[in-house]
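Working notes, beginning with the structure itself.
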Protein chains: 2
Amino acid sequence: MLGDSTGYEINKLFEDGLFSHFLDASYGSIYPALTRLTEQGMLTCTAEAQDGRPDKKVYSLTARGKKALREALMSPVSPDKHRSEFIFASIFAAMLPGQRVAELVDAQLANCREDLARIEDALASDIDCSSKRFVLGYGQVVMKASIEYLEKHRQDIEAAASPETAPDGAGIPA
Amino acid sequence: MLGDSTGYEINKLFEDGLFSHFLDASYGSIYPALTRLTEQGMLTCTAEAQDGRPDKKVYSLTARGKKALREALMSPVSPDKHRSEFIFASIFAAMLPGQRVAELVDAQLANCREDLARIEDALASDIDCSSKRFVLGYGQVVMKASIEYLEKHRQDIEAAASPETAPDGAGIPA
DNA sequence: TGAGACATATATCGGACCTAAATAGGTCGC
DNA sequence: GCGACCTATTTAGGTCCGATATATGTCTCA
């Protein structure tokens, strides 16, 4: 729907592109899906020969594929899922040394800042499309809120860390 | 680590409890994991007979299990994953009727508000544990930021919706 | 000029995980 | 007494991810 594309390019969309913050899909899903959708008449495939590399297979959405997408978008959407190993580790801060907790917060902050930078780059360059701006703006406010919270409250979780003195498991929620 | 528990109770932790916003796991993961961890000596299991129901199997973390948890928490954590079908649909707002887009925003707002209410209930009742407060607080600010953004910018995505007049696909990002 | 890192490009295996249903009875409200 | 919902475990089926294999081009830096 976003234009003719190869599996490789679709993967990049999920890794660095417009989709990267709120969506995910990997080669193990993308290539089998392209094959299946072509068999079902949702896509057409044009192979372009290249020297020294596998053929570049460019896929295009058919009218039927577009109809199927529109129908899919009319059916109920499931609620967001947000998974965080950082949060998981934070729950058990009381059994970790303070240094490790600080390290976890630093890593989380670095991830958020990187994500925010990527989003703001995209916002600065492609201000053309309103749905794109809406999606990027959503990611931006969520990342900003996370960063602000971590900066303001990191001492709370760092204080919860178990120094050598505290007994194992003291302070873990019941 | 959070106390002796059954598989059923662990599931509730992921569905409504402390873990529900940032983590997920279902019976299909929980029960096999409990069996495997018991075989590996990470857990012990005590079956309590109940009339008319399957035995209630109460699992307890062993010293070895606790050590393995601590080691796991010292190994690198992967970055957060945030998946949203709402965002996916928003990207294609231009091929949907305005009514459908408004419906999607309403549903997303309802989900966020429900989540926020659950978090704030938990914050109001259990203010005992600092790591718990930190985790709930993180969820709270993220949900608040989402709700605020949706309320302030919903007209942007609703305006991007394709009325009957616009051609299919006009306004979809390139 | 050469080494190493990174990008292009597709494909697939193994395993982890989720969804959903099956099973069986209990409690609570109306 | 009926229906809705809660307790409690188990598993079959299918989807999806992570990692790797395969081959080659390009860019950087010494």
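What's counted below: heavy atoms across the whole structure, side chains too, no hydrogens, waters or symmetry copies.
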Would you find more than 12 non-hydrogen atoms of other residues, nucleotides or ligands less than 6.0 Å from B/Glu114 atom CD?
no
Between A/Tyr27 and A/Tyr8, how do the two ring planes meet: parallel, tilted or perpendicular, split at 30° and 60°?
parallel
Nucleotide nearest B/Lys57 (side chain, heavy atoms from C-beta), chosen from D/dT9, C/dT8, C/dA9:
D/dT9
In whole angstroms, the gap separating C1' of D/dG25 from NZ of A/Lys56 amounts to 13 Å
For A/Asn11 and C/dA9, give me the distance from atom CG to atom P, rounded to whole Å.
12 Å
Below the 4.0 Å mark, does C/dT10 have OP1 or OP2 next to a side-chain nitrogen or oxygen of A/Tyr31?
yes
Describe the nucleic acid contact of B/Thr6 in one word from base, sugar-phosphate, nothing, applying a heavy-atom distance below 4.0 Å.
sugar-phosphate
Could you check how far CD of A/Glu85 sits from C1' of C/dC17, rounded to whole Å?
14 Å
From CD1 of A/Ile10 over to P of C/dT8, roughly how many Å is that when rounded to an integer?
15 Å
Side chain to side chain contact (heavy atoms under 4.5 Å, CB included) between B/Arg133 and A/Asp156, intermediate numbers included:
CA-CA 9 Å; B/Arg133 253 184 295 128; A/Asp156 295 349; 5.6 Å; no
For A/Phe92 and B/Phe19, take the angle between the two ring planes, folded into 0 to 90°, and tell me which bin it lands in: parallel under 30, tilted 30 to 60, perpendicular over 60.
perpendicular
When you compare the protein's N or O atoms with those of nucleotides 14-17 of chain D, which come within less than 3.5 Å of each other, and at what distance?
| unit_1 | atom_1 | unit_2 | atom_2 | d |
| --- | --- | --- | --- | --- |
| D/dC17 | OP1 | A/Asp24 | O | 3.4 |
| D/dC17 | OP1 | B/Arg83 | NH2 | 2.9 |
| D/dC17 | OP2 | A/Ser29 | OG | 2.2 |

Is there a donor in the side chain of A/Ser60 and an acceptor in the side chain of A/Asp4, or the other way round, less than 3.5 Å apart?
yes
Counting only side-chain heavy atoms from C-beta out, which of D/dA19, D/dT10, C/dA7 sits nearest to A/Tyr8?
C/dA7
Decide yes or no on side chain to side chain contact (heavy atoms under 4.5 Å, CB included) for B/Thr44 and B/Thr38, but give the supporting numbers first.
CA-CA 6 Å; B/Thr44 54; B/Thr38 304; over 6 Å; no
